[in-house]
Amino acid sequence: MGALNEKRIADYLAAQPQEQIISLKGWVRSKRGNKDIAFIALSDGSTIKTIQVVAELNQFDENLMKRVTTGSSILVKGKLVASQGAGQTVELLAEKIEILGDCDPEKFPLQKKKHSLEFLREIAHLRPRTNTFGAILRLRHAMAFAIHKYFNDNNFYYIHAPIITGSDAEGAGEMFRVTTLPAENAPKNESGEVDFDKDFFGKEANLTVSGQLESELAALALSKVYTFGPTFRAENSNTTRHLAEFWMIEPEMAFFELEDNMDLAEDFLKYLIRYALDNCRDDLDFLEKRQQEEELQMKKEDRSSMPLIAKLEHVLAESFERLTYTEAVGILEKSGKKFEFPVSWGVDLQSEHERYLVEKHFKKPVILTNYPMQIKAFYMKQNDDGKTVRAMDILFPGIGEIIGGSQREEDYEKLSKRIDEMGIHRDSLWWYLETRQYGTVPHAGFGLGFERLMLFVSGMGNIRDVIPFPRTPRNLEF
Ligand code: 4AD
Ligand code: MG
(Lines give C-alpha, C1' and ligand atoms only; values in the text may rest on other atoms or scores of the structure.)
(Ligands and ions follow the chains in the order given, each with its own letter.)
Protein backbone atom coordinates (compact mmCIF):
# COMPACT_ATOMS: atom_id res chain seq x y z
CA MET A 1 0.00 0.00 0.00
CA GLY A 2 1.50 3.33 -1.02
CA ALA A 3 1.38 6.65 0.79
CA LEU A 4 -1.68 7.58 -1.26
CA ASN A 5 -3.92 5.22 0.68
CA GLU A 6 -2.34 5.45 4.12
CA LYS A 7 -4.67 6.22 6.99
CA ARG A 8 -4.04 9.27 9.14
CA ILE A 9 -3.98 9.66 12.91
CA ALA A 10 -7.45 11.21 12.72
CA ASP A 11 -8.76 8.05 11.04
CA TYR A 12 -7.33 5.73 13.68
CA LEU A 13 -8.49 7.88 16.58
CA ALA A 14 -12.02 7.68 15.22
CA ALA A 15 -11.89 3.87 14.76
CA GLN A 16 -12.46 1.03 17.18
CA PRO A 17 -9.14 -0.70 17.91
CA GLN A 18 -8.99 -4.27 16.63
CA GLU A 19 -5.49 -5.01 17.85
CA GLN A 20 -4.29 -4.60 14.27
CA ILE A 21 -0.69 -3.81 13.35
CA ILE A 22 -0.42 -0.36 11.82
CA SER A 23 2.31 2.12 10.99
CA LEU A 24 2.17 5.89 11.42
CA LYS A 25 4.46 8.76 10.51
CA GLY A 26 4.48 12.15 12.15
CA TRP A 27 6.13 14.67 14.44
CA VAL A 28 6.74 14.20 18.13
CA ARG A 29 4.90 16.78 20.20
CA SER A 30 6.15 15.55 23.56
CA LYS A 31 7.68 12.59 25.31
CA ARG A 32 7.28 11.74 28.95
CA GLY A 33 7.53 8.62 31.11
CA ASN A 34 10.01 6.89 33.40
CA LYS A 35 12.91 4.48 33.09
CA ASP A 36 10.68 1.64 31.96
CA ILE A 37 8.23 3.24 29.61
CA ALA A 38 7.87 6.25 27.32
CA PHE A 39 4.65 7.97 26.24
CA ILE A 40 5.06 9.82 22.98
CA ALA A 41 2.42 12.26 21.70
CA LEU A 42 2.52 11.98 17.91
CA SER A 43 0.89 14.39 15.45
CA ASP A 44 0.48 14.28 11.69
CA GLY A 45 -1.66 17.43 11.48
CA SER A 46 -4.82 15.52 10.53
CA THR A 47 -6.47 16.51 13.81
CA ILE A 48 -5.88 18.72 16.82
CA LYS A 49 -5.45 15.51 18.81
CA THR A 50 -2.26 13.50 19.11
CA ILE A 51 -2.11 9.73 19.29
CA GLN A 52 -0.34 8.26 22.28
CA VAL A 53 2.54 5.96 21.35
CA VAL A 54 3.58 3.66 24.19
CA ALA A 55 7.16 2.32 24.08
CA GLU A 56 8.46 -0.22 26.59
CA LEU A 57 12.04 0.87 26.88
CA ASN A 58 13.60 -2.58 27.29
CA GLN A 59 12.58 -3.31 23.70
CA PHE A 60 14.33 -0.29 22.20
CA ASP A 61 17.89 0.89 21.77
CA GLU A 62 18.69 3.60 24.29
CA ASN A 63 20.39 5.83 21.68
CA LEU A 64 17.44 5.59 19.35
CA MET A 65 15.05 6.61 22.12
CA LYS A 66 17.23 9.61 22.98
CA ARG A 67 16.65 10.87 19.46
CA VAL A 68 12.88 10.79 19.95
CA THR A 69 12.53 14.41 21.05
CA THR A 70 9.94 17.16 20.68
CA GLY A 71 9.97 18.19 17.02
CA SER A 72 11.64 15.08 15.61
CA SER A 73 9.86 13.08 12.93
CA ILE A 74 9.44 9.36 13.37
CA LEU A 75 7.84 6.25 11.93
CA VAL A 76 6.17 3.91 14.39
CA LYS A 77 4.94 0.38 13.74
CA GLY A 78 2.89 -1.34 16.36
CA LYS A 79 -0.44 -2.57 17.59
CA LEU A 80 -3.45 -0.26 17.89
CA VAL A 81 -5.08 -1.09 21.21
CA ALA A 82 -7.69 0.29 23.57
CA SER A 83 -6.03 2.80 25.86
CA GLN A 84 -5.67 2.23 29.59
CA GLY A 85 -5.08 5.90 30.30
CA ALA A 86 -7.53 8.73 30.53
CA GLY A 87 -7.96 11.21 27.68
CA GLN A 88 -7.86 8.85 24.71
CA THR A 89 -9.68 5.73 23.57
CA VAL A 90 -6.88 4.16 21.53
CA GLU A 91 -3.11 4.11 21.68
CA LEU A 92 -0.30 2.61 19.68
CA LEU A 93 1.86 -0.04 21.36
CA ALA A 94 5.18 0.46 19.60
CA GLU A 95 7.05 -2.52 18.20
CA LYS A 96 9.38 -0.62 15.93
CA ILE A 97 10.43 3.04 15.89
CA GLU A 98 12.48 4.66 13.15
CA ILE A 99 13.87 8.21 13.21
CA LEU A 100 12.98 10.07 10.01
CA GLY A 101 14.42 13.45 11.00
CA ASP A 102 16.29 14.48 14.13
CA CYS A 103 15.44 17.69 15.95
CA ASP A 104 17.98 19.21 18.31
CA PRO A 105 16.01 19.89 21.50
CA GLU A 106 18.52 22.56 22.55
CA LYS A 107 17.86 24.60 19.41
CA PHE A 108 14.23 23.83 18.47
CA PRO A 109 12.30 27.05 19.13
CA LEU A 110 8.97 25.33 19.83
CA GLN A 111 9.07 24.02 23.35
CA LYS A 112 6.20 22.43 25.18
CA LYS A 113 5.38 25.64 27.02
CA LYS A 114 2.88 28.10 25.58
CA HIS A 115 4.42 30.64 23.22
CA SER A 116 3.04 34.10 22.56
CA LEU A 117 1.40 34.74 19.19
CA GLU A 118 3.92 37.55 18.65
CA PHE A 119 6.81 35.13 19.06
CA LEU A 120 5.16 32.61 16.75
CA ARG A 121 4.91 35.26 14.02
CA GLU A 122 8.69 35.50 14.13
CA ILE A 123 8.92 31.78 13.45
CA ALA A 124 6.15 31.57 10.86
CA HIS A 125 8.04 28.73 9.16
CA LEU A 126 7.46 26.53 12.22
CA ARG A 127 4.15 27.77 13.56
CA PRO A 128 2.06 25.28 11.54
CA ARG A 129 3.49 22.73 14.02
CA THR A 130 1.60 24.32 16.92
CA ASN A 131 -1.89 23.33 18.00
CA THR A 132 -3.21 26.82 17.34
CA PHE A 133 -1.96 27.09 13.77
CA GLY A 134 -2.83 23.52 12.95
CA ALA A 135 -6.40 24.39 13.96
CA ILE A 136 -6.32 27.65 11.98
CA LEU A 137 -4.99 25.99 8.84
CA ARG A 138 -7.57 23.21 8.95
CA LEU A 139 -10.32 25.75 9.54
CA ARG A 140 -9.07 27.92 6.66
CA HIS A 141 -9.19 24.92 4.39
CA ALA A 142 -12.71 24.01 5.53
CA MET A 143 -13.95 27.57 4.98
CA ALA A 144 -12.41 27.78 1.49
CA PHE A 145 -13.98 24.45 0.59
CA ALA A 146 -17.37 25.52 1.99
CA ILE A 147 -17.27 28.74 -0.05
CA HIS A 148 -16.82 26.83 -3.29
CA LYS A 149 -19.45 24.29 -2.22
CA TYR A 150 -22.00 26.98 -1.39
CA PHE A 151 -21.62 28.67 -4.75
CA ASN A 152 -21.52 25.45 -6.71
CA ASP A 153 -24.69 24.23 -4.97
CA ASN A 154 -26.36 27.56 -5.79
CA ASN A 155 -25.41 27.57 -9.48
CA PHE A 156 -22.68 30.21 -9.44
CA TYR A 157 -19.67 29.92 -11.76
CA TYR A 158 -16.14 30.43 -10.43
CA ILE A 159 -14.34 33.14 -12.43
CA HIS A 160 -10.59 33.71 -12.27
CA ALA A 161 -10.02 37.46 -12.19
CA PRO A 162 -6.56 38.67 -13.20
CA ILE A 163 -4.06 39.58 -10.51
CA ILE A 164 -2.14 42.10 -12.60
CA THR A 165 -4.39 44.92 -13.78
CA GLY A 166 -4.28 48.23 -15.62
CA SER A 167 -7.19 49.75 -13.66
CA ASP A 168 -7.99 50.69 -10.07
CA ALA A 169 -11.24 48.89 -9.21
CA GLU A 170 -11.86 50.79 -5.98
CA GLY A 171 -10.45 54.09 -7.21
CA ALA A 172 -8.70 54.54 -3.88
CA GLY A 173 -5.17 54.58 -5.31
CA GLU A 174 -3.75 52.06 -2.87
CA MET A 175 -2.04 49.82 -5.38
CA PHE A 176 1.28 48.01 -5.62
CA ARG A 177 3.07 48.67 -8.90
CA VAL A 178 4.22 45.79 -11.08
CA THR A 179 7.15 46.67 -13.31
CA THR A 180 10.22 45.30 -15.04
CA LEU A 181 11.76 48.75 -15.46
CA PRO A 182 15.07 49.22 -13.65
CA ALA A 183 14.72 50.85 -10.22
CA GLU A 184 17.54 53.24 -11.08
CA ASN A 185 17.56 55.31 -14.24
CA ALA A 186 14.10 54.24 -15.37
CA PRO A 187 13.41 55.57 -18.87
CA LYS A 188 11.71 58.99 -18.84
CA ASN A 189 9.34 60.61 -21.33
CA GLU A 190 9.57 64.15 -22.64
CA SER A 191 7.90 65.60 -19.53
CA GLY A 192 10.46 63.89 -17.30
CA GLU A 193 8.06 61.26 -15.95
CA VAL A 194 8.77 57.52 -15.95
CA ASP A 195 7.96 56.22 -19.43
CA PHE A 196 5.67 53.27 -18.87
CA ASP A 197 5.44 52.80 -22.60
CA LYS A 198 8.84 51.12 -22.22
CA ASP A 199 7.56 48.90 -19.40
CA PHE A 200 6.57 45.23 -19.81
CA PHE A 201 2.91 45.91 -20.61
CA GLY A 202 3.51 49.21 -22.35
CA LYS A 203 1.49 50.94 -19.64
CA GLU A 204 1.27 51.25 -15.87
CA ALA A 205 0.43 47.94 -14.19
CA ASN A 206 -0.56 47.13 -10.63
CA LEU A 207 -1.62 44.24 -8.41
CA THR A 208 -5.39 44.15 -8.24
CA VAL A 209 -7.30 45.53 -5.23
CA SER A 210 -10.45 43.62 -6.22
CA GLY A 211 -11.71 41.20 -8.84
CA GLN A 212 -15.06 42.95 -9.02
CA LEU A 213 -14.86 44.71 -12.35
CA GLU A 214 -13.94 41.51 -14.18
CA SER A 215 -16.49 39.63 -12.13
CA GLU A 216 -19.15 42.04 -13.42
CA LEU A 217 -18.18 41.35 -17.02
CA ALA A 218 -18.74 37.64 -16.45
CA ALA A 219 -22.00 38.17 -14.53
CA LEU A 220 -23.34 40.10 -17.51
CA ALA A 221 -23.15 36.85 -19.46
CA LEU A 222 -23.35 33.94 -16.99
CA SER A 223 -25.77 35.65 -14.55
CA LYS A 224 -24.33 34.32 -11.27
CA VAL A 225 -20.57 34.20 -10.80
CA TYR A 226 -17.93 34.66 -8.09
CA THR A 227 -14.22 35.21 -7.74
CA PHE A 228 -12.05 34.00 -4.88
CA GLY A 229 -8.50 35.19 -5.10
CA PRO A 230 -5.72 37.23 -3.56
CA THR A 231 -6.08 41.02 -3.54
CA PHE A 232 -3.52 43.64 -2.61
CA ARG A 233 -3.72 46.99 -0.89
CA ALA A 234 -0.84 49.32 -0.20
CA GLU A 235 -2.65 51.14 2.59
CA ASN A 236 -0.26 51.77 5.41
CA SER A 237 -2.65 50.74 8.16
CA ASN A 238 -1.03 48.74 10.89
CA THR A 239 -4.16 47.38 12.54
CA THR A 240 -5.32 43.96 13.68
CA ARG A 241 -7.82 43.94 10.76
CA HIS A 242 -5.71 44.92 7.73
CA LEU A 243 -3.35 42.99 5.51
CA ALA A 244 -1.49 44.20 2.43
CA GLU A 245 -2.31 40.86 0.80
CA PHE A 246 -5.63 39.26 1.63
CA TRP A 247 -8.09 36.90 -0.03
CA MET A 248 -11.46 38.11 -1.13
CA ILE A 249 -14.63 36.31 -2.23
CA GLU A 250 -16.65 38.41 -4.66
CA PRO A 251 -20.00 37.12 -5.94
CA GLU A 252 -21.67 39.15 -8.67
CA MET A 253 -25.23 38.57 -9.84
CA ALA A 254 -27.15 39.88 -12.80
CA PHE A 255 -30.81 40.72 -12.08
CA PHE A 256 -30.09 41.12 -8.33
CA GLU A 257 -31.01 44.34 -6.56
CA LEU A 258 -29.78 45.53 -3.19
CA GLU A 259 -32.32 43.48 -1.19
CA ASP A 260 -31.39 40.30 -3.05
CA ASN A 261 -27.73 41.07 -2.45
CA MET A 262 -28.34 41.36 1.30
CA ASP A 263 -30.36 38.14 1.37
CA LEU A 264 -27.55 36.30 -0.37
CA ALA A 265 -24.82 37.74 1.88
CA GLU A 266 -26.67 36.81 5.06
CA ASP A 267 -27.48 33.31 3.87
CA PHE A 268 -23.88 32.81 2.69
CA LEU A 269 -22.30 33.92 5.99
CA LYS A 270 -24.65 31.76 7.99
CA TYR A 271 -23.93 28.77 5.79
CA LEU A 272 -20.19 29.18 6.38
CA ILE A 273 -20.56 29.50 10.15
CA ARG A 274 -22.88 26.47 10.23
CA TYR A 275 -20.34 24.55 8.14
CA ALA A 276 -17.56 25.33 10.62
CA LEU A 277 -19.70 24.23 13.57
CA ASP A 278 -20.68 21.00 11.82
CA ASN A 279 -17.28 20.08 10.41
CA CYS A 280 -14.55 21.63 12.56
CA ARG A 281 -15.83 21.00 16.07
CA ASP A 282 -12.58 19.72 17.62
CA ASP A 283 -10.63 22.69 16.32
CA LEU A 284 -13.31 25.17 17.43
CA ASP A 285 -13.41 23.61 20.91
CA PHE A 286 -9.65 24.04 21.10
CA LEU A 287 -9.76 27.63 19.85
CA GLU A 288 -12.52 28.49 22.30
CA LYS A 289 -10.44 27.19 25.22
CA ARG A 290 -7.38 29.00 23.93
CA GLN A 291 -9.29 32.26 23.69
CA GLN A 292 -10.67 31.93 27.19
CA GLU A 293 -7.19 31.33 28.62
CA GLU A 294 -5.79 34.26 26.68
CA GLU A 295 -8.56 36.56 27.86
CA LEU A 296 -7.85 35.87 31.51
CA GLN A 297 -4.84 38.14 31.02
CA MET A 298 -6.94 40.92 29.54
CA LYS A 299 -8.88 43.75 31.11
CA LYS A 300 -12.53 42.87 31.67
CA GLU A 301 -13.84 45.36 29.10
CA ASP A 302 -11.59 43.91 26.38
CA ARG A 303 -12.84 40.37 26.82
CA SER A 304 -15.44 38.91 24.46
CA SER A 305 -18.87 38.76 25.92
CA MET A 306 -19.49 35.18 24.82
CA PRO A 307 -17.39 32.04 24.39
CA LEU A 308 -16.59 31.31 20.74
CA ILE A 309 -19.13 28.60 20.02
CA ALA A 310 -21.97 30.42 21.75
CA LYS A 311 -21.06 33.50 19.72
CA LEU A 312 -21.23 31.55 16.45
CA GLU A 313 -24.57 29.99 17.45
CA HIS A 314 -25.87 33.41 18.43
CA VAL A 315 -25.15 34.85 14.98
CA LEU A 316 -26.94 31.92 13.36
CA ALA A 317 -30.02 32.44 15.52
CA GLU A 318 -30.41 36.17 14.80
CA SER A 319 -31.57 37.83 11.63
CA PHE A 320 -29.17 40.63 10.73
CA GLU A 321 -30.43 44.12 11.53
CA ARG A 322 -30.91 46.14 8.33
CA LEU A 323 -30.91 49.93 8.45
CA THR A 324 -29.67 52.87 6.45
CA TYR A 325 -26.47 54.79 7.05
CA THR A 326 -28.60 57.83 7.89
CA GLU A 327 -30.49 55.91 10.59
CA ALA A 328 -27.19 54.58 11.97
CA VAL A 329 -25.69 58.06 12.21
CA GLY A 330 -28.84 59.13 14.10
CA ILE A 331 -28.34 56.32 16.62
CA LEU A 332 -24.67 57.17 17.08
CA GLU A 333 -25.42 60.86 17.56
CA LYS A 334 -28.07 60.08 20.15
CA SER A 335 -25.88 57.53 21.95
CA GLY A 336 -24.24 60.21 24.06
CA LYS A 337 -20.98 58.28 23.73
CA LYS A 338 -17.75 60.23 23.25
CA PHE A 339 -16.16 58.74 20.16
CA GLU A 340 -12.54 59.35 19.26
CA PHE A 341 -13.76 60.33 15.77
CA PRO A 342 -16.93 62.45 16.04
CA VAL A 343 -19.88 61.36 13.90
CA SER A 344 -22.04 63.42 11.64
CA TRP A 345 -23.86 62.72 8.39
CA GLY A 346 -21.33 62.32 5.57
CA VAL A 347 -18.35 60.95 7.52
CA ASP A 348 -16.99 57.49 6.86
CA LEU A 349 -17.80 55.30 9.84
CA GLN A 350 -14.82 54.21 11.92
CA SER A 351 -14.46 50.83 13.50
CA GLU A 352 -15.44 52.29 16.92
CA HIS A 353 -18.78 53.42 15.44
CA GLU A 354 -19.40 50.11 13.69
CA ARG A 355 -18.63 48.19 16.84
CA TYR A 356 -20.88 50.38 18.94
CA LEU A 357 -23.82 49.63 16.63
CA VAL A 358 -23.15 45.89 16.58
CA GLU A 359 -21.91 45.17 20.07
CA LYS A 360 -23.69 47.74 22.21
CA HIS A 361 -26.82 48.86 20.38
CA PHE A 362 -28.19 45.94 18.37
CA LYS A 363 -26.11 43.09 19.83
CA LYS A 364 -26.16 41.24 16.51
CA PRO A 365 -24.79 41.63 12.98
CA VAL A 366 -25.91 44.76 11.17
CA ILE A 367 -26.29 45.60 7.48
CA LEU A 368 -25.96 49.30 6.75
CA THR A 369 -27.26 50.56 3.42
CA ASN A 370 -27.50 53.71 1.33
CA TYR A 371 -24.25 55.45 2.23
CA PRO A 372 -23.34 58.96 1.13
CA MET A 373 -22.14 58.89 -2.46
CA GLN A 374 -19.01 60.92 -1.53
CA ILE A 375 -17.46 58.19 0.59
CA LYS A 376 -18.12 55.23 -1.73
CA ALA A 377 -16.66 53.87 -4.97
CA PHE A 378 -17.66 55.17 -8.41
CA TYR A 379 -19.51 52.04 -9.52
CA MET A 380 -22.30 52.07 -6.92
CA LYS A 381 -25.87 52.66 -8.05
CA GLN A 382 -27.04 56.18 -7.35
CA ASN A 383 -30.26 56.78 -5.48
CA ASP A 384 -32.79 59.33 -6.70
CA ASP A 385 -31.99 61.65 -3.76
CA GLY A 386 -28.74 62.59 -5.54
CA LYS A 387 -26.83 62.10 -2.26
CA THR A 388 -26.67 58.41 -1.50
CA VAL A 389 -25.74 55.17 -3.26
CA ARG A 390 -27.09 51.64 -2.96
CA ALA A 391 -24.17 50.38 -0.90
CA MET A 392 -24.27 47.76 1.83
CA ASP A 393 -21.70 47.01 4.49
CA ILE A 394 -22.12 44.09 6.85
CA LEU A 395 -20.77 44.69 10.33
CA PHE A 396 -19.88 41.85 12.70
CA PRO A 397 -19.23 41.72 16.43
CA GLY A 398 -15.54 42.04 17.27
CA ILE A 399 -14.69 42.68 13.62
CA GLY A 400 -16.50 45.69 12.24
CA GLU A 401 -16.85 45.51 8.44
CA ILE A 402 -16.73 41.95 7.17
CA ILE A 403 -18.49 42.51 3.83
CA GLY A 404 -18.67 45.52 1.53
CA GLY A 405 -20.91 45.54 -1.52
CA SER A 406 -23.55 47.33 -3.53
CA GLN A 407 -25.97 47.33 -6.37
CA ARG A 408 -24.03 48.59 -9.40
CA GLU A 409 -24.80 51.62 -11.52
CA GLU A 410 -26.10 50.11 -14.75
CA ASP A 411 -26.98 53.41 -16.42
CA TYR A 412 -24.26 54.44 -18.87
CA GLU A 413 -24.79 58.20 -18.52
CA LYS A 414 -24.81 58.23 -14.73
CA LEU A 415 -21.76 55.98 -14.46
CA SER A 416 -19.86 57.93 -17.05
CA LYS A 417 -20.61 61.23 -15.31
CA ARG A 418 -19.52 59.84 -11.93
CA ILE A 419 -16.21 58.59 -13.34
CA ASP A 420 -15.47 62.06 -14.66
CA GLU A 421 -16.57 63.77 -11.44
CA MET A 422 -14.20 61.60 -9.44
CA GLY A 423 -11.31 62.33 -11.79
CA ILE A 424 -10.85 58.68 -12.74
CA HIS A 425 -9.01 57.92 -16.01
CA ARG A 426 -11.78 56.69 -18.29
CA ASP A 427 -9.17 55.25 -20.70
CA SER A 428 -8.48 52.49 -18.19
CA LEU A 429 -12.20 51.68 -17.88
CA TRP A 430 -13.61 51.95 -21.41
CA TRP A 431 -14.39 48.23 -21.48
CA TYR A 432 -16.26 48.45 -18.17
CA LEU A 433 -18.32 51.38 -19.41
CA GLU A 434 -19.11 49.58 -22.66
CA THR A 435 -21.02 46.83 -20.80
CA ARG A 436 -23.57 49.56 -19.93
CA GLN A 437 -24.10 50.18 -23.64
CA TYR A 438 -24.57 46.59 -24.74
CA GLY A 439 -27.48 44.94 -22.95
CA THR A 440 -27.06 46.47 -19.51
CA VAL A 441 -29.11 44.99 -16.64
CA PRO A 442 -29.51 45.67 -12.92
CA HIS A 443 -26.85 43.75 -11.02
CA ALA A 444 -25.23 43.61 -7.62
CA GLY A 445 -22.46 41.94 -5.68
CA PHE A 446 -20.24 42.09 -2.64
CA GLY A 447 -16.79 41.28 -1.31
CA LEU A 448 -16.16 39.14 1.77
CA GLY A 449 -12.69 39.47 3.27
CA PHE A 450 -11.61 35.88 3.82
CA GLU A 451 -9.31 36.70 6.73
CA ARG A 452 -11.99 38.82 8.42
CA LEU A 453 -14.27 35.77 8.20
CA MET A 454 -11.47 33.67 9.64
CA LEU A 455 -11.03 36.12 12.52
CA PHE A 456 -14.69 35.80 13.37
CA VAL A 457 -14.96 32.03 13.09
CA SER A 458 -11.69 31.30 14.91
CA GLY A 459 -12.05 33.95 17.62
CA MET A 460 -8.44 35.04 17.00
CA GLY A 461 -7.71 38.69 17.72
CA ASN A 462 -5.12 39.58 15.07
CA ILE A 463 -5.46 39.10 11.32
CA ARG A 464 -1.75 38.17 11.13
CA ASP A 465 -2.65 34.95 12.93
CA VAL A 466 -5.28 33.63 10.53
CA ILE A 467 -3.20 33.60 7.32
CA PRO A 468 -0.11 31.40 6.95
CA PHE A 469 2.27 34.13 5.84
CA PRO A 470 0.93 37.63 6.61
CA ARG A 471 1.95 40.58 4.46
CA THR A 472 1.89 43.85 6.39
CA PRO A 473 4.06 46.99 6.27
CA ARG A 474 7.74 46.08 6.85
CA ASN A 475 6.98 42.38 7.14
CA LEU A 476 8.10 40.05 4.36
CA GLU A 477 10.34 37.47 5.96
CA PHE A 478 8.69 34.19 5.05
O1 4AD B 1 -15.18 47.05 1.03
P2 4AD B 1 -14.15 46.61 0.04
O3 4AD B 1 -13.03 47.53 -0.26
O4 4AD B 1 -14.98 46.25 -1.27
C5 4AD B 1 -14.48 45.88 -2.48
O6 4AD B 1 -13.31 45.67 -2.72
C7 4AD B 1 -15.54 45.61 -3.50
N8 4AD B 1 -14.91 45.57 -4.81
C9 4AD B 1 -16.27 44.34 -3.17
C10 4AD B 1 -17.38 44.02 -4.12
O11 4AD B 1 -18.40 44.67 -4.06
N12 4AD B 1 -17.19 43.06 -5.00
O13 4AD B 1 -13.54 45.22 0.51
C14 4AD B 1 -14.37 44.12 0.74
C15 4AD B 1 -14.00 43.40 2.02
C16 4AD B 1 -14.11 44.26 3.26
O17 4AD B 1 -15.43 44.29 3.73
C18 4AD B 1 -13.17 43.53 4.21
O19 4AD B 1 -13.80 42.37 4.75
C20 4AD B 1 -12.08 43.05 3.28
O21 4AD B 1 -12.61 43.02 1.98
N22 4AD B 1 -10.91 43.93 3.31
C23 4AD B 1 -9.74 43.63 3.90
N24 4AD B 1 -9.35 42.55 4.59
C25 4AD B 1 -8.08 42.54 5.06
N26 4AD B 1 -7.19 43.53 4.88
C27 4AD B 1 -7.55 44.64 4.17
N28 4AD B 1 -6.64 45.61 3.98
C29 4AD B 1 -8.87 44.73 3.66
N30 4AD B 1 -9.53 45.65 2.94
C31 4AD B 1 -10.77 45.15 2.73
MG1 MG C 1 -15.52 48.58 2.36
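Read the numbers this way: they start at 1 and go in the same order the structure lists the ligands and their atoms. Computed from heavy atoms alone, side chains included, the values below leave out hydrogens, waters and symmetry copies.
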Flag side-chain contact, heavy atom, 4.5 Å: Ile136 against Asp465: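 SC-SC contact between Ile136 and Asp465 ruled out.
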Beyond-backbone contact of Leu476 with Arg471, side-chain heavy atoms, under 4.5 angstrom: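 Yes. Closest side-chain heavy atoms under 4.5 Å.
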Distance alone, cut at 3.5 Å: any donor-acceptor contact between the side chains of [X] and [Y]?
X	Y	value
Ser416	Arg426	yes
Tyr150	Asp267	yes
Thr179	Asp199	yes

Heteroatom count (protein N, O or S) under 2.8 Å of the Mg ion (ligand 2):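 If we list every protein N, O or S atom nearer than 2.8 Å to the Mg ion (ligand 2), we get 1.
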Stepwise salt bridge (charged side-chain N to carboxylate O under 4.0 Å, His left out) check, Glu259 with Arg322: CA-CA 10 Å; Glu259 292 291 324; Arg322 300 179 184 193; 3.7 Å; yes
Phe341 vs His353, ring pair (Phe, Tyr, Trp, His ring centres under 6.0 Å): CA-CA, chis, key distance, verdict: CA-CA 9 Å; Phe341 296 90; His353 309 132; 7.1 Å; no
Centroid-centroid distance, Phe396 to Phe320, less than 6.0 Å: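 Ring-ring flag for Phe396/Phe320: true, centres closer than 6.0 Å.
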Amino acids in close contact with ligand 1, where any non-hydrogen atom sits under 4.0 angstrom away: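 Residues Glu170, Ser210, Gln212, Arg233, Glu235, Arg241, His242, Leu243, Phe246, Met248, Glu250, Tyr379, Glu401, Ile402, Ile403, Gly404, Gly405, Arg408, Gly445, Phe446, Gly447, Gly449, Arg452, Ile463 each place a heavy atom under 4.0 Å from ligand 1, listed by chain and number.
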Chi angles and distances behind the ring pair (Phe, Tyr, Trp, His ring centres under 6.0 Å) call for Phe339, Tyr356: CA-CA 10 Å; Phe339 293 110; Tyr356 177 85; 5.7 Å; yes
